[in-house]
2 protein chains.
Amino acid sequence: MVTQRDLKAEVTREKILEAAAEEIYRVGYQSASLCEMLKRLGISKGALYHHFASKQELGYAVLDDVLAPRAVAAWDAALSAEDPIEGICRLLDEEEQFLAGQRLACGCPINNLAQEMSPLDEGFRQRIERVYRRWHRAVQNALAGAQQRGLLRPEVDANEVAYFVIASLQGAVGLAKNSQDCGIFRSSINGLKKYLHDLKMPAT
Amino acid sequence: MVTQRDLKAEVTREKILEAAAEEIYRVGYQSASLCEMLKRLGISKGALYHHFASKQELGYAVLDDVLAPRAVAAWDAALSAEDPIEGICRLLDEEEQFLAGQRLACGCPINNLAQEMSPLDEGFRQRIERVYRRWHRAVQNALAGAQQRGLLRPEVDANEVAYFVIASLQGAVGLAKNSQDCGIFRSSINGLKKYLHDLKMPAT
DNA sequence: AAGAATACAAACCGGTCGGTCGGTTTGCAA
DNA sequence: TTGCAAACCGACCGACCGGTTTGTATTCTT
């Protein structure tokens, strides 16, 4: 049975998760101060450590419950389109809008954690790898499907292209994050778009 | 006049720089412990703070005196070749060998710092952007030159391609770093190579 | 040879970190 | 109504951080 108390506790847990995700996004996991985050939330340390055993477990939960679902859903949605190339291009445009909105200097939350934590903590590494693998599988499947339907050139290597697309996007986000210039993102992504369109079956 | 003492001091300074570069490469700037690094070096804190005013200044010096020169030199060397496409491909192979050697899980020192520090410290951001700009300029110039010599298709946008190449490489390194799998780097880079070769003037 | 300056050593400082723990409130079950 | 456990609070802890200070050996200058 779900009581009123359980609901309130769940709300607290999710408030903590949300705030932690934001704090980690802003300054990175290692530099994210729990005290700072709690102060902003108006929640005590006791509450935090009631819901999470350690900072590490909180970090894992942020990935599992907040970042990974969002990230995976975005790609799955984009690739559900008829033409995966167009789907990916739409995703790239969405990403540009997201960055341009405000968070240009913060980059991609997943990629940030990957670069910071994967050499230091196996738990983070594995969780992030799971996300990348789902991205890759989704792209690869979509490309292979389109290829079977005759939309893509037969010599296209879906596996290879999938890795290349993901890497290029992550790289472009990283480049733009550093320069704080969305134009660089756009230029870089333009290159990717042209590449993708060249994979299509030429009109006969 | 350069005295014997100056020489010894310079050696100490460079030992500190080298060790700091290594420590930062391993765990990131913010988590790099000066004590840890000094312990490994067998050098005291007094020595460190005699040569550098703060951790920040040490970090800047690592970038200016160690990382940036190396990074820029590698690209300049690769692009001095007759055919820039081939030059870039050779650079990509070198990068693969570097990663495969041992430091796969550590990624690219410049990119690591960029992702970690650019939102937090303007000094780091500007220094790294200078590196990226030199990379971009080198690639763009090389491509434009090759284009003039008739090696590249005339519709190629050298500016755009330069950004795309840099982003893709950085992204591939980041992806491989997380998965700790050099095969993923190779796949991703293969996509980039094919793209680059398609920029060449078709044999008539 | 004497003294000033340099290069380094090491003890030490305040501050912040993640984490703990005893106490208090709150809501549900009996 | 009451007993009790879950939810939460916040003072507190030791560890470690970057940075300072003080001391000393060596080396250059005069």
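All figures in this text were calculated on a predicted structure; none of them were measured in a lab. Residue numbers start from 1 in every chain, and the chains themselves are labelled A, B, ... in the order their sequence lines are given, proteins ahead of strands.
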Legend entry - Rounded distance in Å - CZ (A/Phe52) to P (C/dG18): 15 Å

Inset, instruction - Using atom NE2 of A/His51 as one end and atom C1' of D/dC9 as the other, report the distance to the nearest whole Å. - result: 12 Å

Inset, instruction - Rounded to the nearest angstrom, tell me the gap between atom NZ in B/Lys45 and atom C1' in C/dC12. - result: 10 Å

Inset, instruction - Round to a whole Å and report the spacing from CD of A/Gln30 to P of C/dC17. - result: 14 Å

Inset, instruction - Round to the nearest Å and state the distance from A/Lys39 atom NZ to C/dC17 atom C1'. - result: 13 Å

Inset, instruction - Report the distance from atom CE of A/Met37 to atom C1' of C/dG19, rounded to the nearest whole Å. - result: 14 Å

Legend entry - Among C/dG19, D/dA7, C/dA7, the nucleotide that comes nearest once only the side chain of B/Ala9 is considered: C/dA7

Inset, instruction - Name the residue closer to the 5' end of DNA chain C, choosing between A/Ser31 and A/Lys8 according to the nucleotide with the nearest heavy atom. - result: A/Ser31

Legend entry - Under 3.5 Å donor-acceptor, B/Arg153 side chain and B/Asp198 backbone: yes

Legend entry - Options C/dC28, D/dG18, D/dC8, nucleotide nearest the side-chain atoms of B/Leu34: D/dG18

Inset, instruction - Run the salt-bridge test on A/Lys200 and A/Glu86 with the 4.0 Å N-O cut-off and return the result as yes or no. - result: yes

Inset, instruction - Determine: side-chain N/O of A/Thr12 to OP1/OP2 of D/dC8, distance under 4.0 Å, yes or no. - result: yes

Inset, instruction - Kindly point out which of C/dA29, C/dG18, C/dA10 is positioned nearest to the side chain of B/Ser44? - result: C/dA10

Inset, instruction - Could you please name the option among D/dC9, C/dT20, C/dA9 that lies closest to any side-chain atom of B/Ala47? - result: C/dA9

Inset, instruction - Say whether B/Gln115 and B/Asn111, considering side chains only, have a donor N or O and an acceptor N or O under 3.5 Å apart. - result: yes

Inset, instruction - Calculate the interatomic distance between A/Asp6 atom CG and C/dC28 atom P; express it in whole Å. - result: 8 Å

Inset, instruction - Would you indicate which nucleotide in D/dC8, C/dA9, D/dC17 comes nearest to any side-chain atom of B/Ile43? - result: C/dA9

Legend entry - Presence of salt bridge, A/Arg125 and A/Glu122, under 4.0 angstrom: yes

Legend entry - Under 4.0 angstrom between A/His50 side-chain N/O and D/dC8 OP1 or OP2: no

Inset, instruction - Measure from CG on B/Leu48 to P on D/dC17 and round the result to the nearest Å. - result: 14 Å

Inset, instruction - Please tell me which of the listed nucleotides, D/dG10, D/dG18, C/dC8, lies nearest to the side chain of B/Tyr49? - result: D/dG18

Inset, instruction - Would you kindly say whether A/Asp121 and A/Tyr60 are connected by a side-chain donor-acceptor distance under 3.5 Å? - result: yes

